[in-house]
Number of protein chains: 2
Amino acid sequence: MAKSKNKNTEAQILNAAKQIFQTKGMDGARMQEIADKAGINKALLHYYYRNKQLLFEAVFKNAFSLLAPQLSAVLNDDSSIENKIKNFTSNYVSFIIKHPYLPNFIIQELNRNPEFILKLKENKDFPNLEKFKIQLTKDVSDGIIKPISAEQLFINILALNIFPFVAKPLIMAFTNTDNKSYNRLMENRKTEVSNFIINSIKHT
Amino acid sequence: MAKSKNKNTEAQILNAAKQIFQTKGMDGARMQEIADKAGINKALLHYYYRNKQLLFEAVFKNAFSLLAPQLSAVLNDDSSIENKIKNFTSNYVSFIIKHPYLPNFIIQELNRNPEFILKLKENKDFPNLEKFKIQLTKDVSDGIIKPISAEQLFINILALNIFPFVAKPLIMAFTNTDNKSYNRLMENRKTEVSNFIINSIKHT
DNA sequence: GTATAGTTTAACTGTTTGGTTAATCGCTTT
DNA sequence: AAAGCGATTAACCAAACAGTTAAACTATAC
């Protein structure tokens with residue numbers, strides 16, 4: 001079984017590392033805990049991934065490669081701005097439910113080490129605003145959409161969708177909600193948020 | 001000089017701890033590094049604050065006590081909803097410039113330890129939505145503002161204002177901006193964001 | 001069946017880290 | 001001037017930690 005276990009253990013390690021790193025961060029994670037969660041010896045971690053930093057980077061890149069396509073969808077598909085916003089908003093909530101710790105993990109670790117994103121930017125799949133910018137400029141000059149820069153609109157879309165999950169404990173406290181009703185709030189946002197954005201930018 | 005230095009060192013420690021904890025987080029911070037930054041011996045940290053956890057809590061509570069009044073302003077002053085949004089949005093950007101690491105620090109540490117907010121909720125100054133809710137309900141039934149729940153609107157206000165600072169490295173990469181032009185973007189948001197919100201919710 | 005090569009482990013190492021201790025310093029009081 | 005006391009330090013300690021090593025295990029090739 002040894003050789004067939006090969007790929008299996010490697011994936012098991014990555015999966016365990018994902019759980020630990022995404023909840024505790026690079027500094028809070030312990031190699032021993034990852035090994036325990038993967039059900040293997042600690043030395044085996046170093047056999048597959050040479051050290052903590054490399055294991056972390058594998059997890060981080062993997063996480064980012066899940067998030068990036070979600071964003072690229074808003075920026076590069078061929079539908080109208082209005083539809084892009086609608087689709088992204090409803091899809092993103094579903095996406096997050098599958099990967100609840102992901103956005104916070106990425107944001108937290110990028111703040112700890114901002115140079116890290118330079119490596120990611122070299123990738124050709126890295127989200128790019130150009131197409132979105134052209135489309136928006138056209139819609140604005142056509143009078144479909146009120147004047148707004150692509151950067152500001154993009155920031156607003158990200159903010160309204162991502163922030164409620166990143167700041168979940170804080171917002172739960174302010175709004176006095178438990179987990180169940182918070183999830184209901186988030187479920188409502190699938191349509192609330194896109195209406196909110198479109199209301200704001202669409203010419204009447 | 002010893003007794004006069006008393007209050008001075010305690011504040012120096014808290015200040016150094018603030019800088020280290022807010023940039024590196026609880027797990028990434030080192031007691032030695034805090035001592036060095038405060039210009040004192042490591043044992044003196046334990047003399048004033050018994051251990052790392054208590055020193056951290058002092059820093060955290062201090063940070064939260066700066067943020068809370070900013071939020072309470074939106075919720076409890078007597079101006080119109082429109083003015084609240086305008087004021088908060090422009091004030092918040094100025095506030096952040098003075099305390100750039102603060103929102104991220106609070107969000108990050110609350111995610112690491114969500115039970116921590118329970119202690120804070122006991123405080124009577126803890127931001128409360130009740131007044132805001134009543135005001136909004138009235139404005140909605142008076143036809144001044146389009147139907148929206150207080151929770152959703154409050155989340156939107158926080159998201160649009162706070163997220164760009166929390167996710168700064170990520171957004172800088174997506175929008176291809178350096179520090180200078182990012183700050184310009186943020187400066188523009190002082191008016192952009194409040195217009196964006198008011199456009200969306202105000203009845204025409 | 002045994003040599004080979006990749007996989008896995010137990011045990012170990014060196015260093016970092018939070019925290020302690022006992023001594024010293026310097027001001028104030030008497 | 002010396003006793004008293006809070007503030008400060010150097011030196012130390014035990015635990016936790018990332019990483020290493022050398023041996024054992026297991027499937028396959030010959």
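Note that the coordinates shown come from a computational prediction; the quantities given were computed from them, not determined experimentally. Per chain, numbering begins at 1; letters A, B, ... match sequence-line order.
- With sequence neighbours excluded, no residue forms a salt bridge (Lys or Arg N to Asp or Glu O under 4.0 Å) with B/E192.
- For an aromatic pair to be called close, the ring centres must be under 6.0 Å apart, and B/F60 with B/F116 satisfies this.
- Contact check of residues 17-27 of chain B against DNA chain D (heavy atom, cut-off under 4.0 Å) returns no residues at all.
- A/L44 has its CG atom 15 Å from the P atom of C/dG6, to the nearest Å.
- Remark: A/K138 pairs with A/D142 by the side-chain contact (heavy atoms from CB on, under 4.5 Å) rule, at least two apart or across chains.
- Under the salt bridge (charged side-chain N to carboxylate O under 4.0 Å, His left out) criterion, the residue pairs touching residues 150-179 of chain A are A/K133-A/E151, with sequence neighbours excluded.
- Listed nucleotides: C/dT9, D/dA7, C/dT8. Nearest to the side chain of B/Y48: D/dA7.
- Annotation: salt bridge (charged side-chain N to carboxylate O under 4.0 Å, His left out) contacts involving residues 100-111 of chain A, sequence neighbours excluded, comprise A/E109-A/R112.
- Residues that satisfy the salt bridge (Lys or Arg N to Asp or Glu O under 4.0 Å) test with B/K121, not counting sequence neighbours, are absent from this structure.
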Q: Indicate for each nucleotide in nucleotides 10-21 of chain D, in 5' to 3' sequence, whether protein heavy atoms under 4.0 Å reach the base (B), only the sugar-phosphate (S), or nothing (-).
A: B------SBBBB
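- Taking the ring-ring contact (aromatic ring centres under 6.0 Å, His included) definition, one finds that B/F126 meets it with A/F174, B/F64, sequence neighbours left out.
- Residues satisfying the salt bridge (Lys or Arg N to Asp or Glu O under 4.0 Å) criterion with A/K37, sequence neighbours excluded, are absent altogether.
- OP1 or OP2 of D/dA7 has not a single side-chain nitrogen or oxygen of B/T9 nearer than 4.0 Å.
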